[in-house]
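Below is one structure, written out as structure tokens; the observations come after it.
Whatever order the structure lists ligands and atoms in, that order sets their numbers, starting from 1.
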Amino acid sequence: MACIAIVGAGPSGAAAGRHLARRGHAVTLIDRARFPRDKTCGDWLTPIALAELAQLGLDEPALEARVPGHALVQRTTLVSPDGRRSEQRSTRPGRCIRREHLDALVLAQALHAGCTIQQRSVRRIDRRDAEWDGYDLLIDARGAGSARANAVGLRTYWTVRRHPDTEALADEVGLHTDATHRRGYGWVFPVEVDEQMLTFNIGVGLWQRDSQPGATVHDYLARFLEQNPVTRRLAPHRLGETRRQGYPVVLGGWHQDVVDDGVLRIGDAAGLADPLTGDGIGNALTSGRLVAEAIDRACAEGRDLAGAAARLWRRRHAEHLAPELRRALLLRHLLVSTTAKNLATAALDRGPAGWRERLHGAVFGSAGYGALWSRASPAIRALAP
Ligand SMILES: Cc1cc2nc3c(=O)[nH]c(=O)nc-3n(C[C@H](O)[C@H](O)[C@H](O)COP(=O)(O)OP(=O)(O)OC[C@H]3O[C@@H](n4cnc5c(N)ncnc54)[C@H](O)[C@@H]3O)c2cc1C
């Protein structure tokens, strides 16, 4: 049994805590926030993220019982800069749950498994500091703030009246690209559905290097809310809008070392958000599970626990997470120009249905990029094996 401190009790830290505690390890979670706390996010849970939640004791019936009224997503839509839409009915539905609720649920599962929690802010995680005496292993799960962020997201919530125009969007997640923001996109995701009202999470994400005068993330969101055909459809029924909130994202950081001076990094702190879409909850949860497996195995080896845990976590990251992140990054490079996005969306509509299903499955996280890659040409596969 090992004694482990995890700094950050978001999805990655709490998932790691739960998996470790259930294996009999002594886990202290440390977070500066008091839960339930909000986290700026699109709130979209891919089917892959839902499968990880089920392994934490939060299967779909449990989510329905514990967060009534959250949105079940049956359709995915990609919109190109020329306004063309590619729609796909999901073979595996996803869900949208406000992070305030989701993260509190995951943390509760960790505490239920035996983790303890301290509410305090940690200045630095350095094994040499006396603060960490008594712990065998340290995990950094502090999110994007502890890594080098290269993108930023900004979102708001719109509550709208039920009406045929708004109800038609209540089970659909849509990603909208445009000609100005090369690597960015806007999203409209339903989060809450009740008898009278619907709530949508609407936001934009932007790589920092695409930001320029007139194209900052605030300009982008303002334009998206005013001019996008979907937001224009919602606008006449709007009852309220929340404050616009931003947060950094680390995209495409798969090449970073996931061990820093003996500290194991997971989730956004390891740069694991998808570099094409910015989705990171699924990989945060997966990294929590994989790091727990690595630590457990290292304990079984019986010597040099820190060295073995670092080696085994690096190996699991390289085998299970890095290939998918590399493929997403390559796809993003291929789809950076307006022409490429327009052509790709047109081809999806005209091409075989299998391709559309696989691309939607990769982008919206029901099958991962591997299924798409298995059908790609050998030249593309060689670029991101
Ligand atoms: C605008 C936006 C939209 C997004 N939309 C989606 C989406 O729709 N779907 C999706 O899958 N992903 C989305 N993501 C990404 C997703 O939010 C992250 O990948 C996910 O939150 C990563 O989880 P984590 O546990 O690694 O980090 P976090 O969720 O950030 O948790 C980190 C925790 O560490 C704590 N902490 C930080 N610093 C300290 C410190 N010094 N001391 C103590 N505690 C500390 C924080 O309080 C926090 O609780 C989005 C991101 C942004 C910014």
| field | Where ligand 1 meets W44 - atom numbers and elements under 4.0 angstrom, heavy-atom basis | value | 7 (C), 8 (O), 9 (N), 10 (C), 11 (O)
| request: Flag V122 as yes when one of its N or O atoms lies below 3.5 Å from any N or O atom of ligand 1, and as no otherwise. | output: yes
| message | Heavy atoms only, cut-off 4.0 Å: how does A284 contact ligand 1, side chain, backbone, both, or neither? | response | side chain
| said: Is the terminal nitrogen or CZ of R243 (NZ for Lys, CZ for Arg) located under 6.0 angstrom from the six-membered ring centre of Y157 and within 45° of that ring's axis? | reply: no
| query | Considering only heavy atoms of G8, which atoms of ligand 1 have at least one such atom less than 4.0 Å away? | reply | 33 (C), 34 (O), 35 (C)
| request: Just let me know how L272 lines up against ligand 1, side chain, backbone, both or neither, with a heavy-atom cut-off below 4.0 Å. | output: neither
| Can you tell me which residue and heavy atom of the protein come closest to atom 44 (N) of ligand 1, and the distance to 0.1 Å? | R32 N, 3.1 Å
| request: Considering heavy atoms of the protein only, find what lies nearest to atom 6 (C) of ligand 1 and give residue, atom and distance to 0.1 Å. | output: C41 SG, 3.3 Å
Side chains of residues 260-269: which donor-acceptor pairs under 3.5 Å do they make with residues two or more places apart or in other chains?
| residue | atom | partner | partner atom | Å |
| --- | --- | --- | --- | --- |
| D261 | OD2 | R128 | NH2 | 2.7 |
| R265 | NH1 | A269 | O | 2.6 |

| remark: Across all chains, not counting sequence neighbours, the ring-ring contact (aromatic ring centres under 6.0 Å, His included) partners of H176 are F224
| note | ligand 1 to D268, heavy atom cutoff 4.0 Å, flagged ligand atoms 18 (C), 19 (O), 20 (C), 22 (C), 26 (O)
| query | Does T40 reach ligand 1 with a nitrogen or oxygen that is under 3.5 Å from one of the ligand's nitrogen or oxygen atoms? | reply | no
| said: At less than 4.0 angstrom from any non-hydrogen atom of G267, what atoms of ligand 1 do you find? | reply: 26 (O)
| Is a salt bridge present between E131 and R120, judged by a nitrogen-to-oxygen distance below 4.0 Å? | yes
| request: Please work out whether any backbone atom (N, CA, C, O) or any side-chain heavy atom from C-beta onward of A49 is under 4.0 Å from ligand 1, and answer side chain, backbone, both or neither. | output: neither
| Within 45° cone and under 6.0 Å: R358 NZ/CZ vs W355 ring | yes
| said: Just to verify, which of L138, I125, I139, T28 counts as forming a side chain to side chain contact (heavy atoms under 4.5 Å, CB included) with V7? | reply: I125
| task | Look at ligand 1 and say whether Q245 reaches it with a heavy atom at a distance under 4.0 Å. | result | no
| request: Would you check the N or O atoms of G42, main chain and side chain alike, for any that come under 3.5 Å of an N or O of ligand 1? | output: yes
| said: Using a 4.0 Å cutoff against the non-hydrogen atoms of R99, which atoms of ligand 1 qualify? | reply: 16 (C), 17 (O), 20 (C), 21 (O), 29 (O)
| said: Using heavy atoms and a 4.0 Å limit, tell me yes or no: is G278 in contact with ligand 1? | reply: yes
| query | How close does the nearest protein non-hydrogen atom get to atom 30 (O) of ligand 1, and which residue and atom is it? | reply | K39 CE, 3.5 Å
| Numbered atoms of ligand 1 (with element) below 4.0 Å of R37, judged on heavy atoms | 29 (O), 31 (O), 48 (C), 49 (O)
| request: Would you check if there is a donor-acceptor pair between the side chains of D274 and Y369 at a distance under 3.5 Å? | output: yes
| task | Decide, yes or no, whether a salt bridge links D103 with R37 under the criterion of side-chain N to carboxylate O below 4.0 Å. | result | yes
| query | Is it the side chain, the backbone, both or neither of R155 that has a heavy atom closer than 4.0 Å to ligand 1? | reply | neither
| atom 24 (P) of ligand 1: which protein heavy atom is closest, and how many Å away? | S12 OG, 3.4 Å
| task | Go through the side-chain N and O atoms of T77 and E87 and say whether any donor and acceptor fall under 3.5 Å apart. | result | no
| message | Considering non-hydrogen atoms of the protein only, which is the closest contact for atom 11 (O) of ligand 1, and what is the distance? | response | I281 N, 2.9 Å
| Heavy atom of the protein closest to atom 27 (O) of ligand 1 (residue, atom name, distance) | G143 CA, 3.5 Å
| task | Would you give the length of the straight line joining atom OG1 of T345 to atom CZ of R356, rounded to the nearest 0.5 angstrom? | result | 12.0 Å
| If we only count N/O pairs under 3.5 Å, is G280 in contact with ligand 1? | yes
| field | Cation-pi check, R155 onto W187 ring (under 6.0 Å, within 45° of axis) | value | no
| said: With a sphere of 6.0 Å drawn around NE2 of H163, does it hold more than 12 non-hydrogen atoms of other residues, nucleotides or ligands? | reply: yes
| query | Counting from 1, what ligand 1 atoms have a heavy atom of F35 closer than 4.0 Å? | reply | 49 (O)
| Ring-face cation of R238 near W158 (centre distance under 6.0 Å, axis angle within 45°) | yes
| query | Relative to ligand 1, is R142 under 4.0 angstrom through side chain, backbone, both or neither, heavy atoms considered? | reply | both
| query | Do D43 and F189 touch side chain to side chain, with heavy atoms closer than 4.5 Å? | reply | no
| note | Taking only non-hydrogen atoms of F189 and a 4.0 Å limit, the atoms of ligand 1 in range are 8 (O)
| query | Does even one non-hydrogen atom of P11 get within less than 4.0 Å of ligand 1? | reply | yes
| message | At under 4.0 Å between heavy atoms, is it the side chain or the backbone of D31 that contacts ligand 1, or both, or neither? | response | both
